[in-house]
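Side-chain atoms are counted along with the backbone in the values below, which use heavy atoms only and exclude waters and symmetry mates. Keep in mind that what you see is a predicted model, and the values were worked out from it rather than measured. As the structure lists them, so they are numbered: ligands from 1, and atoms in each ligand from 1.
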Amino acid sequence: MKVVLSMKPKLTSEERDRLVLDLCEKVLEIEQRLIPMGKHVFGKVPASVELASLLRAVAGFDRPELKIRSLPDVICEALDLPSYPELVRQSRSHPDRMAQRLRVESLLEESIDCLLAAQANAAATASQWLSRTASVPSESVLPVFELLHRIRIQLMSNSELDSLARALRGEYLLPGPGADIVQNPAILPTGRNTHAINPTAIPSELAMRRAQPLTDSLIQRHLEASGRYPRSIAMVLWGIDNIKKEGEAVAQVLWLLGVKPRRDSLNRVTDVEVIPLDRLGRPRIDVVMTVSGIFRDLFPPTMALLDRAVRQVAALPEPEELNFVRRHVSRRMSEASCTFDEAAVRVFSNAAGNYGTNVNFMVLDSQWEESHELGRLFLKRKCFAYGRDSQGRSFEGREARRLLERALGEVEVTYQNIDSTEVGIVDVDHYFEYLGGLTKAAEAAAGARPAVYLADSLSPSARVRTLEETVRLEARTKMLNPKWYEAMLRHGFSGVAEIEHQLTNTFGWSATAAAVDNWIYDAAAETFVMDDEMLRRLRSLNPHSVHALVNRLLEASGRGLWSARPEIQEKLQETVAGLEDMLEGVSA
Ligand code: BEZ
Ligand code: MG
């Protein structure tokens, strides 16, 4: 990591402390990030699960349904410190708070090591250790250690193949929820019949509670960067993350608009209730929603709810500087001679029966000249409006490209949630096809590239990062991290393919959002191509993927997305020529 201490020779001691704390915070962020260690092999107990890190992440959450409190919070309380999220926040500017935070984190780590080392009565042993070492009341932490112990045992058994055989015989499989272990440890044991959630119940109360601080952080982050509230945010809504998190992204939309769900006696969300401006304490933010085809199919009642919420907010008799939805709708109506019903459309998806943006395919196949073509393809695929007009008539899936372009014309921020430790923004091509495609479309419509943010609600102190920060974090923790790529390489052929996917998906963020630093490509080339021994290993495991990786690097440089040093360029050219000869059978 580059350190900038040398750039300004005369630092005051406060400035130096600040730089050191910033650096410390970045190193901790990288160190504590959970990464998949290799791929899941069906039917096998994971060989290299980073068990201790996983359990630390699980222990970080309150789980009221299990009467469990966040372990770092309980430790903080016993040591008479602020809550853990507050301690983390303060540690960014106070060295003594950083020292206290490190102490809490080391107690957390050691207590989990103690649980893992115990031969018998693991949960009680760990609780007693924490009680002796930090005066934490052992009965307050016993339930969390019992949960961690249960997860450990469940991870060590695997009946997936048996379940598959039973399913093929048409036998009954026990159902289980679909989520990420950290969010919902009840997904264990694996090998069950995964079920989703009741679409009429989302967003759940829990999702509303968790969405509020996240939405506040998003707004605050933009306020600090730009000096004003974002007036309009374009947000991606996927089905899978809303299943895993009981509609937390939906809840974020409602908070941004300043409304909350109204429920009937069966806990069905039937309508929204407006939160008065004085209670909201900030303007209502306009939200343009890009909804995946999967979300559209899974959550029809939620699609209707979101549309209704926007219309209700647009019609509120409030000052336009405090209600940006109303501001934009009235502006559209006066400038563009359109009706209220047209001006208030905010829920967009694919045409009925269609899925995806295809922006990923265009990038993967190098089928673009100018990056604006990617935004245009996104618009074409995702401009179908969903909702009802003032008379209650549905316009389900009507093509409305101009309405989407106009709504995007006000957008200052694009945004999406990362919902799982298992799949990040460069593991698959779907994040850049959606958030990247949306960003490119908004850039063309608004005349300036929006700020792009991702929320990572996997850590209890909800974090919002810019796209650029997220790309850096993912590159450092995965593609460029020997722990990650060595774990992948143990899978042989498919591991090399995973490395190539990481690079290609990183490239997708250059193509759609110019969000990749030069050093990331430099470091990828140095790690996988300039190092002869590594190149030899990759070629022997999977020459096709190495060929694709080297070609993608050449494409990044050829398109001006990466300024490669001449010796790297030369080595890439030479490597690709050698690989082509090898693949065509000219040489071994
Ligand atoms: C989803 O809606 O869950 C989804 C959509 C596109 C890609 C991946 C997931
Ligand atoms: Mg896919």
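- Applying the side chain to side chain donor-acceptor pair (under 3.5 Å) test to Asn481 and every residue at least two apart in sequence or in another chain returns nothing.
- Evaluation of the ring-ring contact (aromatic ring centres under 6.0 Å, His included) rule for Trp484 yields no partner, not counting sequence neighbours.
- Protein residues having a heavy atom under 4.0 Å from any atom of ligand 1 are Trp238, Gly239, Ile240, Ser292, Ile294, His430, Tyr434, listed by chain and number.
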Go through it in stages, so that I can follow the logic: the residues are Leu379 and Lys440, the test is side chain to side chain contact (heavy atoms under 4.5 Å, CB included), and I'd like the CA-CA distance, side-chain angles, deciding distance and then a yes or no. CA-CA 9 Å; Leu379 270 182; Lys440 206 73 218 168; over 6 Å; no
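- Considering every non-hydrogen atom in both Arg311 and Ala344, the closest pair reads CG-CB, 4.2 Å.
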Side-chain donor-acceptor pairs of residues 447-454 under 3.5 Å, sequence neighbours excluded:
from   : atom 1 : to     : atom 2 : distance (Å)
Arg449 : NH1    : Glu468 : OE2    : 3.4
Arg449 : NH1    : Ala513 : O      : 2.4
Arg449 : NH2    : Glu468 : OE2    : 3.0
Tyr453 : OH     : His222 : ND1    : 3.3

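- In this structure a side-chain-to-backbone donor-acceptor pair under 3.5 Å is present from His491 to Lys39.
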